[in-house]
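Following: one structure in structure tokens, then a few remarks.
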Amino acid sequence: MSTRTSAAEILDAVLDGGSFVSWDRPPLDVSPGPAYAADLAKARARSGVDESVLTGTGSIDGRPVAVVACEFAFLAGSIGVAAAERIVTAIERATVENLPLIASPTSGGTRMQEGTLAFVQMVKIAGAVTTHKNAGLPYLVYLRNPTTGGVFASWGSLAHVTFAEPGALIGFLGPRVYQALYDKPFPDGVQTAENLYHHGVIDGVVPLDSLRHLLVRALRVVSGDTDAPAELEPAPTDIPEHSAWHSVEASRREDRPGVRELLEHAATEQVPLSGTGQGESDSTILLSLCRFRGISCVVFGNDRSSHSVTATMGPGALREARRGMRLAEELGIALVLVIDTFGAALSKEAEEGGLAPEIARCISDLVTVDTPTVSVLLGQGTGGGALALLPADRTLCAQNAWLAPLPPEGASAIVHRDTSHAPDMAEAQGIRSVDLLRDGIVDAIVPEHPDAAEEPVDFSLRVATAIARELQGIASVEDRVASRLEKYRRLGVREYRD
């Protein structure tokens, strides 16, 4: 990418016209020597700004926000003591004024003219960002070409949601430095926005002319806006009886709607996310910000369109689920988990990647996450992969969905040493929606008329309504973690005690 977007262009592209108000004061005097003072003077003349970063406030679609934008034309956007002080002052003001923070770095990293003192400034910037996030305030980042070094390794990588401009050079060690240190060029295609998106390091690659529209949607969700409560019909109680094997077969129909259709037909303000942010991305799941009936939430779910017996959720998918949990908790919005899985991966890579410990951590995090949670059994619910996403304040189950320790064929193989008894095992294990409701494992059933595959749009809208109904019902719960733990503490035991 040869062209570089200026800080002024970023502000013009995303903010409402005429809304920007600068927070910048004259830069801190760092007592530069003669050579550095000359560099600073040239940088000011060349760039038209007084430092490598601009800060201030403005509005996006009428919503007040704080903004921090680097200017690469000023000494390659490098961060020294004065720039860091300006950034931290702006972040702290945004926190005090309860404003979402939009940051757009582009930088070669630490300002070499100031050496180690500049280098350690990244710590205080990261600390200010963390304090801002701990206050429950959104932090969104748009990485520009290039973003490298300490900037990428600190405040450029701490956002709730991170996007980058197409073709941007993004990486820890700049290619010029790599060439000088190792006397060979950095491998092509690695330090690009597109490659980092593919590997789950950032959430997306977005052209500048689409950024404002994306930020409008994202801010509406992450700021936890709530519409007036919708009038929602009560949960249905008249669910027809079918065999367990009927449910198994219905759940395996290729045309059955899944989480992708749920988001497409029934969610608004959707902002797809990608990966763990730590170099992992799993194609068998979806992670998204969205709203159901005016309620903001993070959605994580198994994507049946890319799921198969040989392509199942691995440890990276569960780490991505845990990212979704942290994101919902930090932003103070609801978490919705959609279960539709053959089960967790059975492979050498999954075992060595820590699959079982990730299932355990997922369950542990989910039962103690301090935000409203709803889980939805949408189709197949097999094994530890399903259990990892199940614990919630409220659990919904589609009429033909089911939950079992193993696929019925697997249970039959263990008990009968064949698979021909799978229908009998499904019936005996109580895996149907009506069995799960009876046993207190799920709280309500979403009907199918008569099969979700035959009414994908209406079914998806029905599921969304059920999710919104449950979220409305638990919105005022004071100690949700204690309530959730007690729910599972009593599960199965009460029948024997009573």
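All values below come from the heavy atoms of this structure, side chains included, with hydrogens, waters and symmetry mates left out. Numbering of residues begins at 1 and proceeds along the displayed sequence.
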Does any non-hydrogen side-chain atom of [Y] lie less than 4.5 Å from one of [X]?
X	Y	answer
P105	V141	yes
V338	N302	no
T284	D303	no
V68	V53	yes
L318	M313	yes
L471	V374	yes
V463	L396	no
L40	P32	yes

From [X] [atom1] over to [Y] [atom2], what is the distance, rounded to the nearest 0.5 angstrom?
X	Y	atom1	atom2	answer
S107	F152	OG	CZ	12.5 Å
T373	E470	OG1	CD	11.0 Å
H199	E194	NE2	CD	13.0 Å
D39	R46	CG	CZ	9.0 Å
F172	S157	CZ	OG	10.5 Å
L143	S104	CG	OG	7.5 Å

- Face-on cation placement of R256 at F459 ring, 6.0 Å and 45° thresholds: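 Yes.
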
Look at [X] together with [Y] and state whether they make a salt bridge at an N to O cut-off of under 4.0 Å.
X	Y	result
D203	R323	yes
E269	R217	no
D50	R44	no
E51	R86	no
E85	K124	yes

Look at the side chain of [X] and the backbone N and O of [Y], then say whether any donor-acceptor pair between them is shorter than 3.5 Å.
X	Y	result
R484	V367	yes
S210	V206	no
K133	A128	no
T95	I91	yes
S78	T110	no
S460	A266	no
T131	G127	yes
Y139	T130	no
S483	D479	no
R144	R4	no

- How far apart are the C-alpha atoms of S52 and R111, what are their side-chain angles, what is the distance that settles it, and do they pass the side-chain hydrogen bond (donor to acceptor under 3.5 Å, both in side chains) test? CA-CA 10 Å; S52 63; R111 187 164 299 172; 3.3 Å; yes

- Worked check of side chain to side chain contact (heavy atoms under 4.5 Å, CB included) between T5 and T106: CA-CA 9 Å; T5 307; T106 174; over 6 Å; no

- Item | Chi angles and distances behind the salt bridge (charged side-chain N to carboxylate O under 4.0 Å, His left out) call for E358, R322 | CA-CA 9 Å; E358 280 304 324; R322 293 173 64 210; 3.1 Å; yes

Does [atom1] belonging to [X] count more than 12 external heavy atoms closer than 6.0 Å?
X	atom1	answer
Y197	OH	no
N134	CG	yes
D255	CG	yes

- Message: Applying the side-chain contact (heavy atoms from CB on, under 4.5 Å) criterion to L335, which one of D393, T371, L327 satisfies it?
- Response: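 In the set D393, T371, L327, the residue that makes a side-chain contact (heavy atoms from CB on, under 4.5 Å) with L335 is T371.
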
- Task: Check each of L215, D16, L140, L15 against V65 using the side-chain contact (heavy atoms from CB on, under 4.5 Å) test, and report the only one that passes.
- Result: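 Exactly one pass, corresponding to L15.
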
- Message: If the condition is salt bridge (charged side-chain N to carboxylate O under 4.0 Å, His left out), which residues does E97 pass it with, not counting sequence neighbours?
- Response: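 Residues passing salt bridge (charged side-chain N to carboxylate O under 4.0 Å, His left out) with E97: R93.
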
- Which residues satisfy the salt bridge (charged side-chain N to carboxylate O under 4.0 Å, His left out) test with E329, sequence neighbours excluded?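 Applying salt bridge (charged side-chain N to carboxylate O under 4.0 Å, His left out) to E329 gives none.
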
- Stepwise side chain to side chain contact (heavy atoms under 4.5 Å, CB included) test for I339 and L378: CA-CA 6 Å; I339 302 163; L378 204 60; over 6 Å; no

[X] to [Y] - nearest heavy-atom pair and separation:
X	Y	answer
C290	V221	O-CG1, 3.5 Å
G56	F20	CA-CE1, 3.7 Å
W155	A103	CZ3-CB, 4.1 Å
V151	T147	CG1-CG2, 4.1 Å
V271	F163	CG1-CZ, 3.8 Å
A90	T55	CB-CB, 3.6 Å

- Item | Audit row: E320, S281, side-chain hydrogen bond (donor to acceptor under 3.5 Å, both in side chains) steps and yes/no | CA-CA 8 Å; E320 194 163 345; S281 182; 4.7 Å; no

- Task: Could you check E114 against V30 for side chain to side chain contact (heavy atoms under 4.5 Å, CB included), going step by step and ending with a plain yes or no?
- Result: CA-CA 9 Å; E114 296 181 29; V30 296; 4.0 Å; yes

- Message: Evaluate V205 against E165 for side chain to side chain contact (heavy atoms under 4.5 Å, CB included), listing each step before the verdict.
- Response: CA-CA 6 Å; V205 179; E165 64 179 343; over 6 Å; no

